[in-house]
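Take a look at the structure set out below.
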Amino acid sequence: MDDTSDKKPSVNFIEEIINTDRANGKHDGRVHTRFPPEPNGYLHIGHAKSICLNFGLAEQYGGKCNLRFDDTNPAKEETEYVDSIMEDVRWLGFDWEDRLFYASDYFQQLYDWAVQLIEQGDAYVDSCSLEEIREMRGTVTKPGTPSPHRERSVAENLDLFERMKNGEFKDGAHVLRAKIDLASPNMTMRDPVMYRILNAPHHRTGDTWCIYPMYDFAHGQSDSIEGITHSICTLEFENHRPLYDWFIQKLGIFAPQQIEFARLNLTYTVTSKRKLLELVQEGHVHGWDDPRMPTICGFRRRGYTPSSIRKFSKETGVTKFNGVTDLARLENSLREELNKTAERRMAVLNPLKVVITNYPEDADEDLLEAVNNPENPDDGVRQVPFAKEIYIEQDDFMEDPPKKFFRLGPGREVRLRYAYFITCHDFVKDDDGNIVELHCTYDPATRGGDAPDGRKVKGTLHWVSAEHAVEAEVRVYDHLFTEEDPNDVPEGGDWKDNLNPESLTVLTDAKLEPSLGDAEMGKNYQFERLGYFCLDSKDSTAEAPVFNRTVSLKDSWARKQKQQQNKKQGKKKG
RNA sequence: UGCCCGAUGGUGUAAUGGCAACACACUUGGUUUUGGUCCAAGCAUUCUAGGUUCGAGUCCUAGUCGGGCAACCA
């Protein structure tokens with residue numbers, strides 16, 4: 001075949017490494033990854049990318065992916081987080097089967113390995129204080145100086161380390177250090193701490209241990225024990241790779257390969273655990289699963305689908321370049337899916353009453369047929385009741401509309417979706433000048449939304465019959481921050497200064513078409529012309545439904561308005 | 001002023017020494033009973049300077065800029 005138009009599927013740099021390894025028969029071509037969260041917080045969208053990468057690679061190569069909790073610091077870790085992390089990984093659509101592990105499972109093995117290194121003369125007990133050790137480590141430009149305890153005998157080290165384990169010392173009295181190179185240009189190789197004394201109960205091992213291994217002495221060996229072939233982590237561990245390899249080599253155990261990639265950064269989003277915690281604790285959001293949070297549980301409650309997050313993650317790609325991904329890509333991934341799958345409904349968020357003056361007072365029930373999803377005819381149709389009094393969106397009427405406004409205004413005719421053409425001939429204002437009611441006439445000949453005489457209207461509005469409406473609360477969300485980079489603050493400012501005061505708008509007077517009274521929890525609906533919505537899993541009840549706006553529909557009218565506003569402002573400034 | 005890593009449209013990625021491609025965003029136009037969807041068009045001196053080569057986004061050297069590293073955190 002001379003068909004050269006077939007494009008090779010592009011592979012990212014990690015797949016390239018794996019392909020090479022498999023071609024060379026390394027590990028018999030086996031691919032085994034792991035997702036290793038520390039159970040000290042909730043998973044966020046950045047973790048989602050790592051989960052998709054690790055589980056995705058395993059799937060792709062017919063391998064396995066473990067879930068392993070990196071629980072080496074009892075001071076910070078809690079069972080509450082373990083449970084939420086498992087729930088989130090499962091929700092994203094991944095399965096670790098019987099491979100649920102904890103670094104704490106390996107504490108005894110790790111201890112034995114530490115003893116081995118002491119015996120080999122590769123580790124020593126240092127009895128200096130934290131401050132002294134820090135000082136003697138030197139700086140990035142100045143080499144460190146050896147601790148006075150660096151040359152202790154093997155016997156003395158063994159004795160001291162055992163007594164550390166036996167709980168004879170208080171926190172901070174001694175540490176176990178690897179004996180590597182105090183002059184190394186790589187700071188992590190300057191005799192890193194392997195074990196510290198922490199007289200604290202562990203969420204799994206209880207009071208069994210009072211010394212705990214550091215990340216560097218636990219992670220690589222945990223990978224090794226589990227037979228991990230490709231240990232994927234983020235860029236900030238690049239400097240740790242020589243140490244990762246050093247421990248494995250000195251111990252003479254199975255050698256996984258650490259590979260670093262760039263973590264996900266999203267516009268209008270913070271993902272630092274510390275900052276997320278601060279948002280929750282200071283009440284800037286209502287908990288970890290607040291739909292404005294970039295946590296996985298936040299996205300879930302907001303109405304995001306696992307598949308949209310997986311697709312986003314895949315399309316964002318894997319590189320070593322530390323960039324910022326546009327939040328619009330995640331929104332696009334969701335819209336693309338929901339456009340195909342979400343059933344359409346009509347709902348009015350900011351109601352404006354409309355009286356159809358020529359509609360009969362005593363009309364029989366007037367049921368109109370509405371398509372559930374024009375993108376998927378199999379979803380069928382439903383009936384929507386029409387009546388003399390209806391609600392439309394306040395935004396859909398202007399007393400003095402500009403030329404390109406296609407909606408309702410005095411003397412204008414529009415279509416009510418699936419219903420009738422109506423013409424506005426009067427409106428009522430309250431004492432404050434707000435428009436509170438419209439008087440319109442309808443054309444009975446246009447029932448269903450088409451004019452037999454062929455006349456056209458520019459605008460089509462959604463509507464809800466007043467007497468049939470289901471009342472609901474609707475929560476409309478916007479970016480949590482006003483700046484693309486929330487950390488971009490003027491001198492002396494704080495990142496929280498960039499919090500968007502309008503990130504949550506609660507609409508308490510929404511009117512929904514009757515069928516939404518039976519809305520299913522966990523199902524996404526498109527409210528026509530508005531966006532995608534779902535029932536709130538926490539606050540919604542049968543008597544008082546609460547909907548979250550997951551994401552808006554694209555709105556080229558709103559964009560046009562914004563443009564014009566900006567133009568006006570520009571002229572004023574100029 | 002040490003070491004490590006990186007640099008391709010506004011953004012994220014592709015091109016594996018041979019015509020810089022895709023997606024998102026943005027702009028313009030078309031279709032439309034959702035100002036949605038869909039369709040079409042527009043949008044780049046591949047950070048700089050040298051070098052290797054018939055040929056460099058890709059390889060080499062130097063520079064510039066950006067990120068990471070001096071927790072008994074992970």
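Computed from a prediction, not measured in an experiment: that's the story for all the values here. Convention: sequence-line order gives letters A, B, ...; per-chain numbering from 1.
B:C38 and B:A56 have their C1' atoms separated by 41 Å, with the value rounded to a whole Å. Taking the C1' atoms as reference points, B:U53 lies 24 Å from B:A14, given to the whole Å. Rounded to whole Å, the separation between the P atoms of B:A7 and B:C47 comes to 9 Å. Rounded to a whole angstrom, the distance from the C1' atom of B:U46 to that of B:C4 is 25 Å. For the P atoms, the distance linking B:U61 with B:G6 amounts to 13 Å, nearest Å. B:C22 and B:G30 have their C1' atoms separated by 24 Å, given to the nearest Å. Taking atom P in both B:G36 and B:U32, the straight-line distance is 13 Å, to the nearest Å. Nucleotides B:C69 and B:U1 are separated by 14 Å at their C1' atoms, to the nearest Å.
Judged purely by atom type and a 3.5 angstrom limit, A:T269 uses its side chain to pair as donor or acceptor with the backbone of A:T267. The closest donor-acceptor contact from the side chain of A:E513 to the backbone of A:M346 lies under 3.5 Å. Between the side chain of A:N157 and the backbone N or O of A:V125 there is at least one donor-acceptor pair closer than 3.5 Å. Although no hydrogens or angles enter the test, the distance criterion places a donor-acceptor pair under 3.5 Å between the side chain of A:S129 and the main chain of A:E132. Side-chain atoms of A:S308 never come within 3.5 Å of backbone atoms of A:Y304 as a donor-acceptor pair (strictly under, hydrogens ignored). Side-chain N or O atoms of A:N166 include none that pairs as donor or acceptor with a backbone N or O of A:E168 at under 3.5 Å.
Comparing atom distances between the A:D70 side chain and each of B:A74, B:U16, B:C72 picks out B:A74 as nearest. Side-chain proximity of A:N73 to B:U16, B:U34, B:A74: nearest is B:A74. Each of B:C73, B:C4, B:C69 was ranked by its minimum atom distance to the side chain of A:E238; first place goes to B:C4. Among the nucleotides B:U16, B:A71, B:G68, the one closest to any side-chain atom of A:E16 is B:U16. For A:E38, whose side chain is taken as the heavy atoms from C-beta onward, the closest listed nucleotide among B:C72, B:G2, B:C73 is B:C73. Distances from the side chain of A:E528 to the nucleotides B:G35, B:C73, B:U34 place B:U34 closest. You'll find that the side chain of A:T141 is closest to B:G2, out of B:G35, B:A71, B:G2. Picking from B:U34, B:A25, B:G35 the nucleotide with the shortest atom distance to the side chain of A:F405 gives B:G35. Among the nucleotides B:G68, B:C73, B:G2, the one closest to any side-chain atom of A:V140 is B:G2.
Taking atom CG of A:N239 as the reference point, atom P of B:C4 lies 10 Å away to the nearest angstrom.
Looking at A:N376 and A:D379, their side chains do bring a donor and an acceptor atom within 3.5 Å of each other. Using modelled atom types and a 3.5 Å distance limit, the side chains of A:H219 and A:D70 yield a donor-acceptor pair.
Looking at residues two or more places apart in sequence or on another chain, you find a salt bridge (Lys or Arg N to Asp or Glu O under 4.0 Å) between A:K179 and A:E151. Contacts of A:E483 classified as salt bridge (Lys or Arg N to Asp or Glu O under 4.0 Å), with partners at least two apart in sequence or in another chain: none.
Glycosidic conformation, B:A49: anti, with the torsion outside 90° of 0.
You won't find any donor-acceptor pair under 3.5 Å spanning the side chain of A:R335 and the base of B:U37, going by distance alone. Between the base of B:G35 and the side chain of A:R407 there is a donor-acceptor pair shorter than 3.5 Å.
For the pair A:R190 and B:G2, the criterion of a side-chain N or O lying under 4.0 Å from OP1 or OP2 is not met. Using a 4.0 Å cut-off, some side-chain N or O of A:R196 falls inside it from OP1 or OP2 of B:A74. Between A:R559 and the phosphate of B:U27, there is a side-chain N or O to OP1/OP2 separation shorter than 4.0 Å. When the side-chain nitrogen and oxygen atoms of A:S556 are compared with OP1 and OP2 of B:G36, one or more of them lie within a distance under 4.0 Å. Look at A:K554 and you'll find a side-chain N or O under 4.0 angstrom from OP1 or OP2 of B:U37. A close approach under 4.0 Å does occur between a side-chain nitrogen or oxygen of A:R134 and OP1 or OP2 of B:A71.
Remark: RNA chain B takes part in the stems B:2-7 with B:64-69, B:10-13 with B:21-24, B:26-30 with B:38-42, B:47-51 with B:59-63, each of 3 or more antiparallel Watson-Crick or G-U pairs, criterion distances under 3.5 Å.
Residue A:K404 qualifies as open at atom NZ: its count of foreign heavy atoms under 6.0 Å is 12 or below.
Of the candidates A:R177, A:M194, A:R196, A:R196 is the only one forming a side chain to side chain contact (heavy atoms under 4.5 Å, CB included) with A:M214.
No aromatic stack links A:Y215 and the base of B:A74, using centre distance under 5.5 Å and interplanar angle under 30°.
Both cation-pi conditions hold for A:R204 and A:Y102: the charged atom is under 6.0 angstrom from the six-membered ring centre and inside a 45 degree cone around its axis.
Less than 4.0 Å separates RNA chain B from at least one heavy atom of each of the following residues of residues 372-383 of chain A: A:P374, A:E375.
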| task | Please lay out, stage by stage, how A:E369 and A:R382 fare under the test salt bridge (charged side-chain N to carboxylate O under 4.0 Å, His left out). | result | CA-CA 6 Å; A:E369 187 175 281; A:R382 67 188 186 284; over 6 Å; no
Filtered N/O pairs between nucleotides 11-13 of chain B and protein, under 3.5 Å:
{"unit_1": "B:U11", "atom_1": "O3'", "unit_2": "A:V324", "atom_2": "O", "d": "3.1"}
{"unit_1": "B:U11", "atom_1": "O2'", "unit_2": "A:V324", "atom_2": "O", "d": "3.1"}
{"unit_1": "B:G12", "atom_1": "OP1", "unit_2": "A:V324", "atom_2": "N", "d": "3.1"}
{"unit_1": "B:G12", "atom_1": "O2'", "unit_2": "A:T316", "atom_2": "O", "d": "2.9"}
{"unit_1": "B:U13", "atom_1": "OP1", "unit_2": "A:T319", "atom_2": "OG1", "d": "3.0"}

When you compare the protein's N or O atoms with those of nucleotides 60-65 of chain B, which come within less than 3.5 Å of each other, and at what distance?
none

